[in-house]
Amino acid sequence: MKATKEQEAFMKEAIRLASENIKTGNGGPFGAVIVKNGMIIGRGANRVTSDNDPTAHAEIMAIREACRNLGTFQLDDCVLYSSCEPCPMCLGAIYWSRPANVYYAATREMAAGAGFDDSYIYGQIPLHPHERDIPTYQLELENAIQVFDEWMISGKKIPY
């Protein structure tokens with residue numbers, strides 16, 4: 001897809017954040033920005049190794065900042081620009097935050113060539129939970145559903 005001048009400027013900022021992150025040694029070569037009404041409201045760069053946080057990907061960091069700045073947990077009418085195609089974790093966070101659009105520069109195949117290969121995770125997702133490399137099992141407890149019942153009648157729920 002051919003970028004508009006505005007889209008190109010925002011993507012260049014995401015890529016600049018990724019490049020700056022390499023120079024500062026804060027984490028991997030990934031950057032992201034979130035835009036609303038033509039203004040950047042959230043920036044993020046990968047901080048996995050510097051923060052010792054496997055969830056500190058650029059998109060997650062940008063989502064957190066944008067949501068704090070907006071005072072909401074959803075990014076309605078926002079656009080996310082990422083220097084690279086989002087990984088499965090970031091894709092989940094993107095869907096939970098509900099921006100209007102997502103644009104990325106490098107593909108996941110390009111990232112794999114640099115040692116960031118998400119194909120392993122994509123391959124684990126469709127497997128039955130107990131067949132995954134990290135076996136996952138349901139513990140059947142009688143009161144497991146209780147918290148959902150409490151939630152439904154609490155009057156405190158905020159749909160999302």
Side-chain angles (χ1 to χ4, degrees), residues 1-137 158-160:
M1 158 179 202
K2 180 84 170 121
T4 66
K5 293 282 185 200
E6 182 180 61
Q7 291 169 329
E8 186 176 318
F10 292 130
M11 187 60 76
K12 283 183 177 181
E13 176 62 8
I15 294 168
R16 185 195 70 74
L17 289 169
S19 179
E20 180 181 298
N21 210 42
I22 297 166
K23 292 173 187 146
T24 61
N26 285 328
F30 302 97
V33 296
I34 297 176
V35 176
K36 184 167 186 165
N37 298 325
M39 296 188 59
I40 295 175
I41 58 165
R43 286 179 170 80
N46 181 287
R47 297 190 53 88
V48 169
T49 56
S50 61
D51 288 3
N52 293 317
D53 180 353
T55 69
H57 288 200
E59 297 91 340
I60 302 288
M61 303 302 280
I63 288 169
R64 290 173 182 167
E65 183 175 280
C67 287
R68 273 193 307 273
N69 287 337
L70 292 175
T72 183
F73 56 87
Q74 290 189 332
L75 298 174
D76 298 327
D77 303 318
C78 294
V79 179
L80 187 148
Y81 293 86
S82 179
S83 65
C84 188
E85 184 176 355
C87 75
M89 176 186 69
C90 292
L91 193 56
I94 288 165
Y95 272 85
W96 280 114
S97 65
R98 294 179 175 84
N101 292 295
V102 175
Y103 298 99
Y104 62 91
T107 65
R108 61 183 169 185
E109 292 81 12
M110 293 171 178
F116 299 94
D117 191 355
D118 297 332
S119 63
Y120 167 74
I121 299 169
Y122 281 106
Q124 291 288 300
I125 292 170
L127 298 177
H128 191 279
H130 72 270
E131 294 173 342
R132 296 178 184 150
D133 287 349
I134 300 174
T136 306
Y137 304 98
I158 298 172
Y160 62 96

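Remember, it's a predicted structure, so these values are computed and weren't measured experimentally.
- For NZ of Lys12, the number of neighbouring non-hydrogen atoms (other residues, nucleotides, ligands) closer than 6.0 Å is 12 at most.
- Put simply, the side chain of Asn26 never gets that close to the backbone of Arg47: no donor and acceptor are under 3.5 Å apart.
- Contact detail for Ala45 and Leu17: the closest heavy-atom pair is CB-O, 4.2 Å.
- Every pair passing side-chain hydrogen bond (donor to acceptor under 3.5 Å, both in side chains) that includes a residue from residues 84-104 is listed here, sequence neighbours excluded: Gln7-Tyr103.
- With sequence neighbours excluded, no residue forms a salt bridge (Lys or Arg N to Asp or Glu O under 4.0 Å) with Asp117.
- For the side-chain hydrogen bond (donor to acceptor under 3.5 Å, both in side chains) test, no residue two or more places apart in sequence or in another chain qualifies with Thr136.
- Between Ile134 atom CD1 and Gln124 atom CD the span is 7.5 Å, to the nearest 0.5 Å.
- For Glu6, the salt bridge (Lys or Arg N to Asp or Glu O under 4.0 Å) test picks out no residue, with sequence neighbours left out.
- Between Ser82 and Cys84, the shortest heavy-atom contact is OG-O, 2.7 Å.
- Inter-residue side-chain proximity for Ile63 and Ile34 is flagged as met; some heavy-atom pair is nearer than 4.5 Å.
- Applying the side-chain contact (heavy atoms from CB on, under 4.5 Å) test to Thr55 and every residue at least two apart in sequence or in another chain returns Asp53, Arg64, Met89.
- The two residues Ala105 and Ile15 come nearest to each other via the heavy atoms CB-CD1, 4.0 Å.
- Qualifying side-chain hydrogen bond (donor to acceptor under 3.5 Å, both in side chains) partners for Tyr122, counting only residues two or more places apart in sequence or in other chains: Arg108.
- Judged as a side-chain contact (heavy atoms from CB on, under 4.5 Å), and not counting sequence neighbours, the contacts of Ile125 are Pro88, Ile121.
- You'll find the side chain of Ile60 reaches within 4.5 Å of the side chain of Cys90, heavy atoms only.
- Within the 4.5 Å cutoff, the side chain of Ile94 has heavy atoms near those of the Leu80 side chain.
- Identified under the ring-ring contact (aromatic ring centres under 6.0 Å, His included) test for residues 4-25, with sequence neighbours left out: Phe10-Tyr81.
- Considering every non-hydrogen atom in both Ser83 and Ala18, the closest pair reads OG-CB, 3.9 Å.
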Can you list, pair by pair, the side-chain donor-acceptor contacts under 3.5 Å of residues 67-77, counting residues two or more places apart and other chains?
unit_1	atom_1	unit_2	atom_2	d
Asn69	ND2	Ile41	O	2.7
Asn69	ND2	Glu65	O	3.4
Thr72	OG1	Gln74	N	3.4

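- Applying the ring-ring contact (aromatic ring centres under 6.0 Å, His included) test to residues at least two apart or on different chains, the pairs with a partner in residues 22-51 are Phe30-Phe116.
- Not counting sequence neighbours, the partners of Glu20 by the salt bridge (Lys or Arg N to Asp or Glu O under 4.0 Å) test are Arg16.
- Side chain of Asn21 to main chain of Gly28: a donor-acceptor pair is present (N/O by atom type, distance under 3.5 Å, no hydrogens or angles).
- For residues 128-137, the set of pairs meeting the salt bridge (Lys or Arg N to Asp or Glu O under 4.0 Å) definition, not counting sequence neighbours, is empty.
- Of all the heavy atoms in Pro29 and Ile22, the pair that sits closest is CB-CD1, 3.6 Å.
- Rounding to the nearest 0.5 Å places CD of Glu109 at 9.0 Å from OG of Ser119.
- Nearest heavy-atom pair, Met61 versus Gly44, reported as atom, atom and distance to 0.1 Å: CB-CA, 3.8 Å.
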